[in-house]
Amino acid sequence: MFRFQSLDEDCTLEKEEGLVEEEDEIDQFNDDTFGDGAIDDDWQEEHKRLAELEEQKNDGLGGLGLGTLGMGGMGGGNASTVHLPPPASRVPHPSSLPPPHHSLSSIPPPGLEERGGGDLAESLAMLILGVDPAIASVGGPAGPDDRSTGLPPPPSIPQQHHHPSQLPPHHQLTPSGLPPGPPHLSLLSYQQHQHLLRRGAAPMQQMNSHNIWENNLGFGPVSITPGLITQMEDSPLMSIIKEVGLPNRPPPMMSEDGRDLSERAPPPRSSSPVIGSPPVRAVPIGTPPKQPMSHAMNHHHHQQIHHPTAIHVRAPVQHRYPPSFPERISPNTLLNIANSPLCRPPFPAGVGPVLSQIQRAQMLNSQVAGFPRGCQGPPLLPGGGGFRPFFGQPPPHRMGPHPGGPPPPNHNHVPCPIIRHNTTHLHPQHRRMLTQRMQSRGGERGGRVGDWRSRDPYSNLMSQREKEWVAKIQMMQLQSTDPYLDDYYYQNYFEKLEKRQERDRDGVRKEHTTKLITPQVAKLEHTYRPVQFAGSLGKLTVSSVNNPRKMIDTVVTSRTDDEEKREKQVWNKRRQILYTVEKMYSLLLEVQDFEKRFMQTPEEQREALLEQHKTHTLQLYSSLKEKEWDDRVSDEQCLLIMSVRKGKRLISRLIPFLPPLQAATVVMGIARNLPALAKKDKQDQVLCWLVEPIAVVISSLSSASLTDLLQELQGSEGQLSRVLQNKFGVTLLYLILSEGERMQSSNPTCQLMDDNRWTELVFSVTRELLNVPSSSLSPPLFTPPNLLSLFSRYVDRQRLELLQEKLQISALSRCVWGCA
Amino acid sequence: MRFTSRPKMNYMPGTASLIEDIDKKHLVLLRDGRTLIGFLRSIDQFANLVLQQTVERIHVGKRYGDIPRGIFIVRGENVVLLGEIDLEKESDTSLQQVCIEDILEEQRLQQQSRQEAEKTKHLALKERGLVMPRSDIMDEYGVQHQY
């Protein structure tokens, strides 16, 4: 689960009084859905305020409410420290303010009321005027010498006032083109910039956050350092602001609502402001946290206040450098400054006191104001390599009035080895080593730390919280429920190390041998339990990023074991049979090819070949045999083989090669099991393959065996009828009978008649033949011609005729020995 | 990463993390061969980097030239390696810096000569019946084009 536990309390919005309970849950769901990174600001409140401001503004405010600025904590009320050009008459009347779409710089913070406020008001007015390049040109430090491009003379100011329409073209300094008006600060040279800045007319710099809507004091990013206008003009944001203008808001949000707006932070990652609509607040998961200052204060280790004079030097050729931001003061320092001088209600607990742009700007300004501006560049590049400092003037070393800034912790001390809680995942041995390492190194570099860090105006862009957040993510990847599975080598290495150390120490210090405690994260049960309200039916299913909705119900259907076994058995058997058949085939083929080979091989080797041949034949035969009985052909095996189509073919090819006795037994077996075979053959209908070889066999049979065969065929009760139903059976029968007849007719002394078996069998056959309905009598493959004579011996004329009819045998019929 | 001189804020002892590298000057080598030098300002869990005051340094032989680029945001997967630059030792280099135009020209020449060498080699191999895939004309799907 991707939850930052430590960040939770920050993410959970601490509700101010007045907000209802449900919103808590909703927000929790919001968090669930969008993850912890979602902004929990109440955009609705925000929007409401904006709307209110809009209304208030339209009510018509008189003059500038500079007091409101003061409440924003302008340099701790030391507006007097702000060195502004002498107040030029007045600030344009708000009511006469151009509509919001006018350019930024031309509009003093809308809604500023002339509330008096004496000194502060004045200074702030100056401030604002100073911002406006047109206005600021009025005398003072912002002397005309600073501006190469002639700014409009003072008289223009009143003009401005009365001709608001002039302002837009005057100051709409879109990146697209230079305005016709004079004060195009982008053309100011570097030195001029410096002058401007040095002058201290750099009151509010607010470019930290890019949210043009966000403003806790009721106005957007309004005041711009003249020196910074250039850079800001380049930024697309500024162009947007200039085009869009700012929401007009009435000043004192603080006093009116009694609510402290300072806790609403601009999101650290602002989505691009959609012009005209409330800002997009839902921030995707994985967004770093907001900037809570309270945490940062505790951990933050370097303090600096950054000088806003970051103007790049390589102006001429590549002027496209992005304008230097007013440096981010470390949030801590900003906060400190913000906090102490202001008698502001304390931040609600849990919500990081995040500063808005204005506040930051104010902080910055307040610090900046009092400081000497002449500093040299940071010693970033002592050798001066190829990397010119981006900024011409580094910030001052140290800020004088640095009210609450925590002293740089551990600056020159030996850093105590901070074993953070996050080392728990490490092997204890590992941890020990690390502490030792840290301690040893800690003493080395006490000194050098501070200075260059303090001169880096851009440092701490990544707040402490964000760093921790990244570290946390990285550490989460190390969590494991089974360390041996996840990081086998790590564990093993340290184990070995321990053992080695133990060995080396000869077990002297037994107390050091610690039992290995592998840090393990408990396997959390993450199944989603749907929310259920008491007393209600059913459960709410809230699908969120952490428990997505179940889309498909996959059910594994598996057959029961028994069924499976049976099926398997069947298949296995069949496979086995096939396998046997295959093997036999290979042998058979060898045997069949024997003769050819025999002819081909020279004399000497013929003997060997013959031997081989015999072996094969024997092998073939043996495969038909049962294991225990040497002589008998295994019925079972035969049957099995015959159950397979290929097997039948095999047998039919095999029989000619078998020695007569064995062939006879095979045929016997076939006859015996004919019904079964016939049944199995229903699909294949290939029994007839066997006819020819069997015929051959039969013809070589002795009378006794013939009789036996016939007996086998008749075998059990009802077998004959079944035999007759089968084509092959009938054919076989006929074959037998005809053979018998042949025997009798050819050799009067044959022993066929010696015992009554033959006669009886024939009788039964005839009987059966007569009884069997014609439909069930299957036509044979062929009808041997001498059947008639056979029957005529045994049956009377009447029956003979019947038989004749039935069997369609005629004395003259000529058989066609076809198929087999 | 060497341990810095600031107070020990050891986030991930025993692991490699870029957190301690923040706000320091780094040299970053990208997969497309570019070398960037800038101050590492921000990272994230994918090691995406935010470099400030970045300078792209082109090396040709013993000379190099810098092109100031400003702020770079580098997607983590494109980083081959990065390392902190020791500011004191930075100037102890035997390389000579030249102006950008010169170095670009030199680079162009270098590329040209390389390509020609490659071409001749390719041709020689082809004559011998061995067609080696040329990496420069291999597009993303591994398709080579014979121009």
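Remember, it's a predicted structure, so these values are computed and weren't measured experimentally. Residue numbers begin at 1 in each chain, while the letters A, B, ... track the order of the sequences.
- Residues A:V470 and B:I43 form a side-chain contact, since some pair of their non-hydrogen atoms from C-beta on lies under 4.5 Å apart.
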Verdict with supporting geometry, B:Q52 and A:L461, side chain to side chain contact (heavy atoms under 4.5 Å, CB included)
CA-CA 10 Å; B:Q52 189 229 1; A:L461 275 169; 5.6 Å; no
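- Taking CG of B:D44 as the reference point, atom CH2 of A:W469 lies at 6.5 Å (rounded to 0.5 Å).
- With a 4.5 Å cut-off on side-chain heavy atoms, B:V50 and A:M462 do not count as touching.
- For the atom pair CD (A:Q464) and CD1 (B:I19), the distance works out to 9.0 Å, reported to the nearest 0.5 Å.
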